[in-house]
Amino acid sequence: MKLTSGLGGQLTVDLGALARNWRALDKVSQGALTAAVVKADAYGTGIEMAATALYAAGARFFFVATPDEGVAVRTALPNAHIFVLDGLYPGASNLYIRQNLMPVISSMEMLEEWLAKCVERNEAYPSAFHFDTGMNRLGFRLNEAVVVRERIARLSYAPQMVMSHLACADVPNHEKNRTQLALFSSVMNQFPGIPASLANSAGLMTGRDYHFQMVRPGIALYGGRAVVGRRNPMANVVTLHAPVLQVREARTGETVGYGAAYSLSRDSRLAVVGIGYADGFQRALSSNNARPGGKMFVNGRLCPVLGKISMDMTIVDVTDLGPNLPRPGEGVEVFGPNVNIDDQADVAGTIGYEMLTSLKGRYSRNYVGTGYLPEQ
Ligand SMILES: *Cc1c(COP(=O)(O)O)cnc(C)c1O
């Protein structure tokens with residue numbers, strides 16, 4: 001493949017596929033609002049571009065992790081509703097108010113700081129509340145629900161939404177899902193009439209019981225696998241190509257790369273590809289003679305990574321391509337429609353989320369598929 005922008009690697013983000021994925025999820029969650037999670041630079045795709053495409057597709061509610069990410073979305077989308085999952089950073093309430101960001105409040109300290117600001121300015125600034133139902137990550141403890149309700153009742157304050165987060169949604173029949181659903185429902189009894197939100201991508205795909213009034217998909221929007229052990233129905237959004245630097249001949253018995261970790265059992269042709277662990281092509285995708293590693297798609301064929309992945313380079317076995325060898329400067333597919341990022345993640349012992357959010361290397365970002373998006 002010819003690289004079209006720049007000489008180095010090229011990350012192509014298909015905003016049309018992103019929009020289609022949002023619409024497909026919005027159909028599945030019919031009856032609930034479908035938000036979009038755009039934290040971590042929209043899972044590595046570029047937060048402004050992704051948020052803008054999602055808004056054009058119909059999304060109005062966005063979740064970010066940090067207030068800085070919130071400001072980035074606000075700059076792109078003056079009318080979006082933006083929740084900050086990390087909550088209220090101490091001392092930052094003026095920024096949230098100025099930028100019209102809603103903290104997802106997860107502790108009494110956060111709540112008191114936000115309410116104090118509301119009282120000071122005599123204005124009920126919107127927020128969401130997060131209750132922990134089984135992760136011990138962020139969130140009020142369950143037994144704080146009554147205290148929280150009584151505290152806000154005295155000020156006639158109401159949150160825009162009350163949420164929790166599933167620990168095991170990627171395994172739909174995990175019993176923890178049912179437990180968390182029951183606990184969350186009991187929390188919602190304390191907040192009648194307030195919209196509720198429990199489901200991430202996997203929760204959304206698990207069933208209606210988990211939808212409540214708003215769903216919060218992230219990974220599925222970006223084409224990643226949300227549910228383990230099922231065919232992934234989402235369209236591919238992210239494709240990464242990296243340039244071939246050199247194709248070389250090597251002989252049986254010679255070794256490849258650092259640590260001489262791979263020893264050739266045949267005369268071989270090797271492509272040296274200009275991407276390494278510094279670019280997010282994780283070193284865990286290295287191979288040795290006992291254990292296969294990652295793959296790249298070269299001229300119509302999946303070719304195995306040989307030996308250890310270097311900081312800036314990866315060596316791929318292209319012997320089986322015969323005469324159909326790539327030329328220096330041509331791009332090979334590192335992830336994309338032919339190299340499933342979740343399959344590679346399995347090899348690396350990680351998850352597609354980490355692969356995607358690790359892709360912040362020395363390549364240009366290329367956006368395609370924007371043409372048909374309707375203005376709404
Ligand atoms: C990241 C996140 C999501 C989105 O999860 P996916 O598995 O990517 O769909 C939803 N809710 C919360 C609280 C999150 O942190």
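Both counts, for ligands and for their atoms, begin at 1 and track the order of listing.
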(message) Show me, by chain and number, every protein residue that has a heavy-atom distance under 4.0 Å to ligand 1.
(response) V37, K39, Y43, L85, R137, M163, H165, N200, S201, R216, P217, G218, I219, Y353

Between side-chain atoms of residues 75-86 and protein atoms elsewhere (two or more places apart, or another chain), which donor-acceptor pairs fall under 3.5 Å?
from, atom 1, to, atom 2, distance (Å)
T75, OG1, V71, O, 2.7
D86, OD2, Y89, OH, 2.6

(message) I'd like to know if D312 pairs up with R362 as an ion pair, taking the criterion as any Lys NZ or Arg NE/NH1/NH2 lying under 4.0 Å from an Asp or Glu carboxylate oxygen.
(response) yes

Please list every donor-acceptor pair under 3.5 Å in which a side-chain atom of residues 226-235 meets a protein atom from a residue at least two apart or in another chain.
from, atom 1, to, atom 2, distance (Å)
N232, OD1, M234, N, 2.9
N232, ND2, G223, O, 3.0
N232, ND2, G224, O, 3.3

(message) For D317, is there an ion pair with R301 - N to carboxylate O distance below 4.0 angstrom?
(response) no

(request) Give every residue pair that meets the salt bridge (Lys or Arg N to Asp or Glu O under 4.0 Å) criterion with at least one member in residues 119-143, sequence neighbours excluded. (result) K117-E120

(message) When you measure from the side chain of N200 to the backbone of R216, do you find a donor-acceptor pair of N or O atoms at a distance under 3.5 Å?
(response) no

